[in-house]
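Report on the structure given below.
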Amino acid sequence: MSETMAAVTALGWHAVALPALRAEPIVHGPLPVRGVQAILVTSGQAVTALAGQVPADMPILAVGAATARRARAAGFVRVTAADGTADALADLVRAEWPPAGGVLLLATAPGYGLDLADALRRGGFRVARRCVYRIRSGMPSPEGLRALIGGGGVAAALFFSAETARQFLRHLPRDVREKLREARAIAISDRAAEVLASAPWGEIVRAATPDQAAMLALLGVAAR
């Protein structure tokens, strides 16, 4: 979050951090990895939960570049990044890992990773989903939201996942929602954009690629 805040501020915007989700690791001891050929991670939160609980030389297949950087920073030494989506991660697995090579451990949270696991299983892979963290709402109280947004409204809002967008809208008071009518919503994916469509945004735009750089390109430099 600090990296994103710094990047937004560098573009001349007054940046306000609003973490809509809070992740809690639920792994409290080493995970068995015998027979596992690689670990799949679709979130940096999974990386945090795995750090110190699996050998650092286990192959880590990350959904995108940001998650891969987080894995390397956590000490993992065999990290490969896909192009930012679950479909791209599945393509990476199919291209470089044999179904007969062993189990794929998908480190995820309850309710997440089901489509990815199913897609790989249909391709003959053995996939073990392991919930290593859980997601809680991180949204502040209505009073806290009003204080964060202030009286001037919102020029733009960046949403880095569909679940972030869902939690944001679910906890948004009606009077704050009205302040979005002139704002641009910048979504990382089609799914996030679909969730955002239920609110009265001035405009909803989707990043060309599912990464922070593409989202910041849509945000652009603040008008002086």
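Residue numbers start at 1 and run along the sequence shown.
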State whether the number of non-hydrogen atoms from other residues, nucleotides or ligands found under 6.0 Å of [X] atom [atom1] is greater than 12.
X: E178; atom1: CD; result: yes
X: R134; atom1: CZ; result: yes
X: D211; atom1: CG; result: yes

side-chain contact (heavy atoms from CB on, under 4.5 Å) between L50 and V27, worked out: CA-CA 8 Å; L50 291 172; V27 176; 5.6 Å; no
Candidate pair R70 and T48, rule side chain to side chain donor-acceptor pair (under 3.5 Å), full reasoning: CA-CA 8 Å; R70 193 158 172 175; T48 299; 2.9 Å; yes
Check against side-chain contact (heavy atoms from CB on, under 4.5 Å), L61 and I39: CA-CA 6 Å; L61 309 184; I39 299 176; over 6 Å; no
Quick one: pull up [atom1] in [X] and [atom2] in [Y] and give me the separation to the nearest 0.5 Å.
X: Q167; Y: R22; atom1: CD; atom2: CZ; value: 11.0 Å
X: T67; Y: Q45; atom1: OG1; atom2: CD; value: 9.5 Å
X: L104; Y: Q37; atom1: CG; atom2: CD; value: 5.0 Å
X: L18; Y: H171; atom1: CG; atom2: NE2; value: 11.0 Å

Is there a path of hydrophobic side-chain contacts, each under 4.5 Å between heavy atoms of I, L, V, M, F, W or Y residues, that connects [X] with [Y]?
X: F76; Y: V63; answer: no
X: L40; Y: V77; answer: no
X: Y112; Y: L116; answer: no
X: V132; Y: V79; answer: yes

Heavy-atom side-chain proximity of S198 to L169 below 4.5 angstrom: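 Result yes, sub-4.5 Å side-chain heavy-atom pair found.
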From L92, V93, I60, residue fulfilling side-chain contact (heavy atoms from CB on, under 4.5 Å) relative to T80: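 Of the listed options, the one satisfying the test is L92.
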Verdict with reasoning, W13 to V221, per side-chain contact (heavy atoms from CB on, under 4.5 Å): CA-CA 8 Å; W13 297 95; V221 177; 5.9 Å; no
Aromatic ring pairing W201/F159, orientation class (parallel under 30°, perpendicular over 60°, tilted between):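 The arrangement is perpendicular - the two ring planes meet at more than 60°.
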R129 side chain to T108 backbone, donor-acceptor under 3.5 Å: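 Here the side-chain-to-backbone pair does not exist.
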Residues R166 and E163 bridged, charged N to O under 4.0 Å: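 Between E163 and R166 there is a salt bridge, with a charged N closer than 4.0 Å to a carboxylate O.
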